[in-house]
Structure formats: C-alpha cells, structure tokens
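Residue numbers start from 1 in every chain, and the chains themselves are labelled A, B, ... in the order their sequence lines are given, proteins ahead of strands. Just so it is clear, the structure is predicted and the values come from calculations on it, not from any experiment. What you see below is based on every heavy atom in this structure, not just the backbone, and it leaves out hydrogens, waters and symmetry mates.
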2 protein chains.
Amino acid sequence: MKTRRQRYSDSTKRALVDVAERLFTEHGYSATSLDAIVAGADVTKGALYHHFSGKQAIFEAAFERIESRATASIGRATEGHRDPWEKARAGLRAFLEAVQEPGYRQVVISDGPSVLGHERFREQEERSTYAIVDEIVRSVLAGDEWALDDQMLDTFTRIFFGAMSAAGGSVAVSDDPAAAAARVDAAIGFIMDGLRQLLHAEAGSGVTSRT
Amino acid sequence: MKTRRQRYSDSTKRALVDVAERLFTEHGYSATSLDAIVAGADVTKGALYHHFSGKQAIFEAAFERIESRATASIGRATEGHRDPWEKARAGLRAFLEAVQEPGYRQVVISDGPSVLGHERFREQEERSTYAIVDEIVRSVLAGDEWALDDQMLDTFTRIFFGAMSAAGGSVAVSDDPAAAAARVDAAIGFIMDGLRQLLHAEAGSGVTSRT
DNA sequence: GAAAGTACGTACCGTTGGTATGTCACCCAA
DNA sequence: TTGGGTGACATACCAACGGTACGTACTTTC
C-alpha cells in the first residue's frame with residue numbers, strides 16, 4: 001500500500017519525465033534547459049533535483065522509457081513466430097518501425113552516445129533492443145552443424161545491429177518511408193538468403209579461422 | 001603570393017583547430033570550453049570568433065579534418081586492387097583501422113550526430129568515408145546480370161556502412177582489438193561470400209521486388 | 001501532538017557561449 | 001613617405017544555464 005505522499009511524489013516524477021521526454025525529443029539534449037522542463041511540469045528546480053541527480057540523470061530516465069517501448073514493440077512482433085528465419089524477418093520489420101519514432105531517433109540514436117558516453121550507452125543498449133537482435137541472430141546462426149563460438153556470434157550481432165540501425169535511419173529520413181522500408185527489407189532478406197544458402201552448402205567448414 | 005598578414009592569420013587559425021581537435025577528442029564537445037581552446041592556442045576569444053562563427057563551427061572544422069584523414073587512409077588502402085571483392089576486403093580492413101582512432105570515435109561517431117544534427121552529419125559523411133563505401137559496394141554489386149536500381153544500391157551501401165561502423169566500434173572498445181578486427185573481417189567476409197554465391201547461383205532473378 | 005523526515009520552493013553562484021567595442025599592426029594608394 | 005582604410009585580433013561584458021545551499025510546509029510516525 002502506497003502512502004499519499006508517495007503517490008504525489010510519483011506523480012510529479014512522472015510529470016517531469018513526461019515533459020523531459022517531449023522536450024528532449026523535440027529540441028535535443030543541449031537545447032533543452034532544466035528551466036523549460038520544470039516549467040512544463042509546473043514545478044521548480046528543487047523538485048527536479050530532489051528526484052534526479054542532474055540533467056544527465058533525467059535524460060537517462062527518458063532514454064530508458066523510450067527504449068523500453070521500442071523493445072516491447074519488437075518483442076511483441078517476434079513472439080508469435082516459430083521458424084527462426086521468419087522470426088528474424090518479423091523482428092526486422094518491427095525494428096524498422098520502432099526506429100522511425102522521433103524520440104528514438106533523437107534521444108537514443110543521436111544524443112544517447114554523446115550524453116551517456118560510450119560505456120553507459122552500450123550498457124543500456126545491451127539490455128534492450130540489442131538483446132533481441134542477439135537472441136534472433138543466435139537462433140538463426142547457432143545451428144548444431146556450425147561451430148561459431150560466443151565471440152563470433154557477438155560479432156555477427158553487432159554487425160546486424162549496426163546494419164539495421166543504419167537502415168532504420170535511412171528509412172526515417174526518406175521521402176517515402178514505406179518504400180524505403182521495403183527496400184531495406186529486400187536487401188537484408190537478400191543477405192540472409194545468402195547466409196542461409198551458405199549454411200546449407202558448406203555446413204561445418206567453420207568461418208572462425210578464415211582470414 | 002601570400003602576404004605576411006595572411007600567413008599570420010592562417011597560422012593562428014591552424015593553431016586553433018589543432019587545439020580544438022585535441023580537446024574535443026580528449027574530453028568531448030560539451031566538456032570542452034572555448035576558454036580552454038583559446039588558452040591552449042594562446043589567443044583570446046576575439047581571435048576565435050574572428051575565424052569561426054561559434055563553437056559548432058570550430059567543431060566542424062576539427063570534424064572535417066579528422067574525417068578527411070580517415071578518408072585518405074582508406075583511399076590509399078583500396079587504390080591498388082583490381083578485383084572488386086579484393087578491393088572491398090582491403091577497404092574494410094582500412095576502415096576498421098581508421099575507426100579505432102580516438103578522434104574519429106569521439107568527434108565523428110559520438111559527438112558528430114548530436115552536434116551537427118542529422119542533416120549536416122549526413123552531408124559530411126556522404127562526401128568522405130561513405131563515398132568510398134558506396135563506390136566499393138557499387139563495383140561489387142553492379143554487375144550487368146543484376147538489375148539493382150540506384151535506390152537499391154544506396155540501400156545496400158547504407159546497410160554495409162552501418163554494419164562496418166558498428167563493427168568498428170566493437171573493435172575499438174575490445175580488449176584485444178586485433179582479434180576483434182579479425183572476427184569482424186571473418187564475419188563480413190562470410191556475408192560477402194554468401195552474396196557472391198547468390199550472385200552466381202540465381203543471377204538475374206532480381207531482388208528489388210522481393211517482399 | 002511533538003518529533004522527524006520527505007518533498008519540494010527560493011535564492012543564489014560559477015561557468016560558459018556569445019557579443020560589442022576598442023586597438024594596433026599591416027597593406028596600399030597617392 | 002605617408003596616411004587613410006581594413007584586417008586581425010584583445011578586452012570587457014552579458015544573459016543563460018546547470019548546479020547548490022538553505023528554508024519551509026506538509027506527512028508520517030511514535
């Protein structure tokens with residue numbers, strides 16, 4: 001049972017993150033002042049600094065919220081499928097959708113790395129959308145006939161994650177997002193077909209020692 | 001023939017960009033003050049604002065310099081090769097090298113997008129390393145037997161560029177960069193093998209209409 | 001119902017990006 | 001040679017911003 005004070009406190013905190021998410025999305029990190037945030041939430045800086053340690057902290061709260069929404073959306077899109085390759089395609093489409101959201105583009109992709117720093121950004125990523133990509137990549141590539149070690153699977157995940165992020169960015173800025181998404185879908189599908197063919201053609205040859 | 005005043009002026013401008021590049025690389029954009037830059041270059045803010053319109057402008061000058069160095073390095077690595085696939089592999093290795101440079105990581109990858117904005121960042125990219133990737137992708141994929149239109153080739157370039165950037169990032173933060181680079185090389189080589197196989201196996205089928 | 005603590009509000013500070021204005025050396029024409 | 005004009009800065013200053021110190025009212029607890 002929550003006490004009344006806690007309910008009030010949670011409410012103001014939520015209001016702060018709400019406004020912060022909107023302003024950070026619209027104007028970016030540096031162009032968003034704490035004064036504007038507290039004014040929008042109808043509180044003062046005292047309240048903000050009571051709930052958060054500083055500007056970076058409230059940014060991170062908005063960041064996490066945006067990323068968890070994207071993660072949930074992608075997770076929902078993939079959970080139905082049984083075949084790993086189908087699951088991968090469904091995940092890709094959901095990813096391309098999620099990455100077009102303005103908040104994701106501005107807060108996560110653009111401001112995320114520079115505000116949080118490489119390290120924290122990587123940490124945050126790894127327990128959200130990146131985790132889904134990793135899971136899918138492993139389910140697709142980690143057949144018994146393949147001797148891909150953990151680090152090699154990580155490498156593939158990184159590559160696909162980067163490819164999809166860049167592809168998503170190009171979709172987001174396109175004049176015709178639907179057509180652009182279709183092209184990305186075709187291109188990555190094509191690459192996946194190549195991998196699949198290779199998987200069947202020379203199963204067991206091993207790529208880890210290739211130079 | 002340059003007058004003495006111009007030589008002095010060029011010298012101070014170069015000194016400013018030198019210091020800016022170093023400080024932006026070491027501490028990032030927001031943690032680098034103009035006071036620190038002008039102090040390091042042994043001039044005053046008046047000089048800085050005489051040569052640049054503001055902080056963003058001098059950042060962009062450092063940005064361009066770092067990117068042009070990377071571009072030149074990659075260009076040098078690829079110019080010898082005749083076979084497109086070999087050229088691509090050589091370019092990939094040079095890219096993975098270039099992306100490990102601290103300046104490239106901090107200024108171009110981390111701060112670049114948020115400071116310059118998506119738009120200007122994309123512009124800068126497109127006439128440097130991205131242009132090389134695009135050229136290589138086209139030389140590899142644009143065989144006569146393939147009916148890939150311009151937009152589809154762009155899509156492939158975006159995807160590969162994103163993949164390589166992400167891969168480069170993972171190499172840069174790795175405990176053992178050499179081993180990580182080898183893994184990336186193997187993984188992308190594997191993907192390329194898949195594409196090549198597909199190119200020969202079902203030449204002319206066309207991927208543009210695939211959904 | 002008093003003591004303790006939470007959840008803020010208020011007032012203030014140092015730093016920072018940016019600007020307005022002054023100044024002096026240098027170039028060029030007469 | 002010289003003197004007006006201009007480029008290349010230096011100096012002084014400002015507003016905005018992130019952050020801090022401290023005060024206060026309302027709640028919970030005992």
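- As a whole-Å value, the separation of B:Leu34 CG from C:dG17 C1' is 6 Å.
- A donor-acceptor contact under 3.5 Å links the side chain of B:Lys45 to the base of C:dG17.
- Taken from OG in A:Ser165 to CD in A:Glu125, the straight-line distance is 6.5 Å, to the nearest 0.5 Å.
- Dashed line: the shortest gap from a side-chain N or O of A:Ser33 to OP1 or OP2 of D:dA16 is not under 4.0 Å.
- For A:His50 and C:dA7, the shortest distance from a side-chain N or O to OP1 or OP2 is below 4.0 Å.
- Atom-to-atom, CD of B:Gln6 to C1' of C:dC28 comes out at 14 Å; the value is rounded to the nearest Å.
- The shortest distance between the side-chain N/O atoms of A:Thr44 and the OP1/OP2 oxygens of C:dC8 is not below 4.0 Å.
- Atom pair A:Arg7:CZ and C:dA7:P shows a separation of 13 Å (rounding to whole Å applied).
- For A:Lys55 and A:Tyr29, the positive end sits near the middle of the six-membered ring, less than 6.0 Å away and at most 45° from its axis.
- As judged by a 4.0 angstrom heavy-atom cut-off over every strand, A:Thr32 is placed among residues touching the sugar-phosphate backbone only.
- Atom NZ in B:Lys55 sits roughly 8 Å away from atom C1' in C:dT16 (whole-Å rounding).
- For B:His51 and D:dA8, the shortest distance from a side-chain N or O to OP1 or OP2 is not below 4.0 Å.
- Separating the CZ atom of B:Phe52 from the P atom of C:dG17 is a distance of 15 Å, rounded to the nearest angstrom.
- Cation-pi check for A:Arg158 over A:Tyr130 is met; the charged atom lies under 6.0 angstrom from the ring centroid and within 45 degrees of its normal.
- In this structure, of D:dA10, D:dG19, C:dG9, it is C:dG9 that holds the atom nearest to the side chain of A:Val43.
- Checking A:Tyr29 against A:Gly46, the closest nucleotide of DNA chain D that is more toward the 5' end is the one next to A:Tyr29.
- Taking only side-chain nitrogens and oxygens, B:Thr12 comes nearer than 4.0 Å to OP1 or OP2 of D:dC9.
- At a threshold of 4.0 angstrom between heavy atoms, the contacts of B:Gly54 are confined to the sugar-phosphate backbone, with no base atom among them.
- A cation-pi arrangement is absent between B:Lys13 and B:Tyr8 under the rule of less than 6.0 angstrom and at most 45 degrees off the ring axis.
- One can place OH of B:Tyr49 at 20 Å from C1' of D:dG7, the figure rounded to the nearest angstrom.
- Residue A:Ile58 contributes atom CD1, which lies 13 Å from atom C1' of D:dG18 at whole-angstrom precision.
- Looking at the side chain of A:Ala47, the nearest of the listed nucleotides D:dG7, C:dC8, D:dG18 is C:dC8.
- Atom CG of B:Leu16 and atom P of D:dA10 are 9 Å apart (whole Å).
- For B:Arg5, the listed nucleotide lying nearest its side chain is D:dT6; candidates were D:dG19, C:dG17, D:dT6.
- Around atom CD of A:Glu101, more than 12 heavy atoms belonging to other residues, nucleotides or ligands sit under 6.0 Å away.
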